[in-house]
Amino acid sequence: MIYLAEIDVSVYGSKMIKRPLILCLDQGTTSSRALVFNTHGRIVALAQEEFPQHFPRSGWVEHDAEDIWLSTLRTAQSAMAEAERGGDAEIVSIGITNQRETTVTWDAVSGDVIGRAIVWQDRRTADICTQLRADGREAAISERTGLTIDPYFSGTKLAWMLRNWDRAARLSSDGRLAFGTVDSFLIHRLTGGQMHLTDETNASRTLIYNIQNGGWDREIMGWLGIGEIQLPEVRPSSAWFGDTKPDLFGRSIPIMGVAGDQQAAAFGQACWHPGMVKSTYGTGCFLLANTGGELVQSSNRLLSTVACRTGTEPQYAIEGSIFIAGAVSQWLRDEMQLIKSASDTEALASSVESNAGLYMVPAFTGLGAPHWDADARGAIYGLTRSTSQAELVRAALESVAYQTLDLAKALEADGVKLNRLRVDGGMVGNNWFVQFLSDILDVDVDRPEIIESTARGAAFLAGLNAGVFSSVEKLEDLWQAERSFTPTMNSRIRNQYISGWDKAVKSTLYRASLDR
Ligand SMILES: Nc1ncnc2c1ncn2[C@@H]1O[C@H](COP(=O)(O)OP(=O)(O)O)[C@@H](O)[C@H]1O
Ligand SMILES: O=P(O)(O)OC[C@H](O)CO
């Protein structure tokens with residue numbers, strides 16, 4: 001199979017086709033999106049569906065895996081029909097990128113999903129984490145997995161399912177319980193149950209995968225009480241992950257690239273060299289710094305994680321994970337009903353001159369890096385009789401920038417200086433927020449032309465593997481900044497703002513310690 005990508009005409013088998021395209025399935029926390037990319041890395045079709053979030057108890061977050069599957073399938077079919085309309089273009093390869101850590105189990109024989117998927121934000125396994133720590137497992141888990149013990153990761157979620165769902169326990173003793181992250185579940189469904197696979201970036205978020213030797217860690221599984229389970233086989237991100245079942249898309253299409261959404265975003269942002277940093281603002285915020293072939297262990301409570309690779313050598317990144325970023329706007333819209341749409345936040349925040357001493361710590365599902373406090377809960381400090389809707393909205397947006405600063409400080413303490421930041425994700429459409437971020441970080445912030453970096457990264461992986469893109473170097477030229485934001489804030493005000501935030505976080509952590 002040869003693709004003459006540069007001139008946009010290809011030979012596919014014996015058939016001449018014009019315009020080879022890549023379909024990317026971007027399965028996020030709040031919506032499933034399907035995007036079709038051409039050989040210039042541009043989007044030619046897009047379909048998106050939000051799906052229900054379930055919050056059955058305080059701190060619990062669930063998805064119905066069938067919603068994940070059906071919304072993925074529908075958006076894929078719709079984007080594909082749009083992109084191939086006219087008959088002069090053809091999708092030749094599929095890339096998958098997904099919300100990470102979210103845990104799905106199914107019956108390996110019937111394919112039936114067991115219970116709901118437990119989402120990465122879910123905190124129900126805090127007790128299992130406390131027990132692991134009490135058993136003295138922290139150092140070994142951190143060294144082998146690059147992660148910290150926290151409910152965020154898949155391992156304790158899987159352990160919880162086995163302890164609490166009779167059907168899961170029964171299937172496990174019969175040797176037919178399959179475990180997977182969302183990529184794995186989608187691959188299983190897309191291939192008609194033929195393939196049980198995952199990629200190494202997703203595996204590296206499970207807490208049961210050893211990133212030092214690249215294999216599932218049976219000892220950690222034993223500590224968690226995870227016995228007989230069918231685990232997915234792990235492949236590099238740019239590899240063959242099976243062909244789709246012919247009846248889904250009218251023909252079989254190869255799945256040629258898979259990556260967790262944050263590693264895919266780093267790849268789509270062309271952060272291919274050590275020291276390059278990107279931060280994605282979707283539901284949460286995830287800052288990844290490329291460390292190349294070096295597995296850097298953080299001394300400042302950041303995570304070590306596997307990055308996408310196209311060569312033979314493993315690649316790594318250091319990551320800071322924040323649980324609530326764009327989700328603050330959703331909370332203002334859905335729970336507080338202060339705004340009609342997330343984009344209303346920009347005009348409201350711009351309408352006030354200063355933050356009026358108001359701070360919101362959005363620890364709705366605990367605090368992630370660098371604090372890792374599963375018991376912390378959200379708080380607002382500095383309310384007065386004159387506090388306005390606009391000030392509250394501004395405090396919510398500001399909190400995302402301060403949380404990023406906390407990550408940047410930890411990164412710097414680990415020896416990686418943040419010189420410049422590439423941003424993407426739904427929230428960076430908000431100019432006020434990106435300017436405030438640049439002011440608080442005191443660095444230039446680049447927003448790329450295509451903010452769908454996650455999908456683009458997965459399309460790059462699948463396209464490189466399919467031969468649609470000839471080399472990583474050529475792809476580097478496709479990255480363009482749409483706008484760069486330069487710091488303009490006076491340093492006295494900046495320091496004053498940061499000091500107010502630091503006190504707000506300290507108070508929140510103190511309060512959590514009183515509740516324990
Ligand atoms: N203009 C905006 N200002 C602030 N937040 C926004 C804006 N536009 C979108 N968001 C937030 O960004 C998130 C959507 O981003 P997206 O990258 O699609 O997330 P995900 O992949 O996690 O589903 C939502 O939480 C939404 O509230
Ligand atoms: O759905 P997103 O884009 O907020 O990403 C979720 C992350 O992968 C969780 O680790």
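In listed order, ligands and their atoms are each counted from 1. Counting begins at 1 with the first residue of the sequence. Every heavy atom of this structure was used, including side-chain atoms; hydrogens, water molecules and symmetry mates were not.
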## Note on the structure
ligand 2 to Tyr152, heavy atom cutoff 4.0 Å, flagged ligand atoms 9 (C), 10 (O)
### Message
I'd like to check which ligand 2 atoms, numbered from 1 as shown, lie under 4.0 Å from a non-hydrogen atom of Thr283.
### Response
4 (O)
### Message
Any nitrogen or oxygen of Arg205, side chain or backbone, less than 3.5 Å from one on ligand 2?
### Response
no
### Query
Does ligand 1 have any atom that is closer than 4.0 Å to a heavy atom of Gln330?
yes
### Message
Could you tell me, atom by atom, which parts of ligand 2 come under 4.0 Å of a heavy atom of Phe286?
### Response
5 (O), 6 (C), 7 (C), 9 (C), 10 (O)
### Query
How close does the nearest protein non-hydrogen atom get to atom 10 (N) of ligand 1, and which residue and atom is it?
Ala342 CB, 3.8 Å
### Query
At their closest point, which heavy atom of Phe364 faces which heavy atom of Arg377, and how far apart are they?
O-CD, 3.9 Å
### Task
Considering only non-hydrogen protein atoms, determine which one is nearest to atom 23 (O) of ligand 1 and report residue, atom name and distance to 0.1 Å.
Thr30 OG1, 2.6 Å
### Task
Establish, from distance only, whether the side-chain atoms of Ser298 and Asn300 form a donor-acceptor pair under 3.5 Å.
no
### Query
Considering only protein heavy atoms, which is closest to atom 5 (O) of ligand 2, and at what distance to one decimal place?
Asp261 OD2, 2.8 Å
## Note on the structure
Within the 4.0 Å heavy-atom cut-off, what Gln262 brings close to ligand 2 is side chain
### Message
For atom 19 (O) of ligand 1, what is the closest protein heavy atom, and at what distance to 0.1 Å?
### Response
Gly282 CA, 3.4 Å
### Query
Which ligand 2 atoms are under 4.0 Å away from a heavy-atom of Gly284?
4 (O)
### Query
Tell me, which protein residue and heavy-atom name are nearest atom 1 (N) of ligand 1, and how many Å apart are they?
Ser343 CA, 3.5 Å
### Message
Taking distance alone, with N or O pairs closer than 3.5 Å, would you say Gly426 contacts ligand 1?
### Response
yes
#### Entry: Verdict with reasoning, Glu452 to Leu46, per side-chain contact (heavy atoms from CB on, under 4.5 Å)
CA-CA 11 Å; Glu452 297 281 0; Leu46 186 155; 4.2 Å; yes
## Note on the structure
Taking only non-hydrogen atoms of Arg33 and a 4.0 Å limit, the atoms of ligand 1 in range are 18 (O)
### Query
What residue and heavy atom of the protein are closest to atom 9 (C) of ligand 2, and at what distance?
Glu101 OE1, 3.2 Å
### Query
Identify the closest protein heavy atom to atom 11 (C) of ligand 1: which residue and atom is it, and at what distance?
Gly326 CA, 3.8 Å
### Query
Checking ring-ring contact (aromatic ring centres under 6.0 Å, His included) against His196, which of Trp106, Phe185, Phe179, Phe241 comes through?
Trp106
### Query
Between Glu50 and Arg33, does at least one N-O distance fall below 4.0 Å, as a salt bridge requires?
no
### Distance-only donor-acceptor check, side chains Thr305 and Arg205, under 3.5 Å
yes
### Query
Under 4.0 Å between a Lys/Arg side-chain N and an Asp/Glu carboxylate O for Glu49 and Arg74?
yes
### Task
Among all protein heavy atoms, pick out the one at the shortest distance from atom 4 (C) of ligand 1; state its residue, atom name and that distance to 0.1 Å.
Ser329 OG, 3.4 Å
### Task
Under 4.0 Å from a heavy atom of Asn430: give me the atoms of ligand 1 that qualify, with their elements.
1 (N), 2 (C), 3 (N), 4 (C)
### Task
Would you mind listing which atoms of ligand 1 come within a distance below 4.0 Å of any non-hydrogen atom of Thr345?
3 (N), 4 (C)
### Query
Shortest non-hydrogen contact from Thr486 to Gln435?
O-NE2, 3.0 Å
### Message
Is there a ring pair (Phe, Tyr, Trp, His ring centres under 6.0 Å) between Trp501 and Tyr359? Walk through the geometry before answering.
### Response
CA-CA 7 Å; Trp501 166 258; Tyr359 291 91; 7.1 Å; no
### Query
To the nearest 0.1 Å, how far is atom 12 (O) of ligand 1 from its closest protein heavy atom, and which atom is that?
Met427 N, 3.6 Å
### Query
For Ile208 and Gly155, which heavy atoms make the closest approach, and how far apart are they?
CG2-CA, 4.3 Å
#### Entry: Nearest-contact summary for atom 1 (O) of ligand 2 - protein heavy atom, Å
Thr29 OG1, 2.4 Å
### Query
Just checking, is any N or O donor in the side chain of Thr125 or Thr156 under 3.5 Å from an acceptor N or O on the other one?
yes
### Query
Tell me, which protein residue and heavy-atom name are nearest atom 22 (O) of ligand 1, and how many Å apart are they?
Thr283 OG1, 2.5 Å
### Query
Is Arg123 paired with Asp150 through a side-chain N to carboxylate O contact shorter than 4.0 Å?
yes
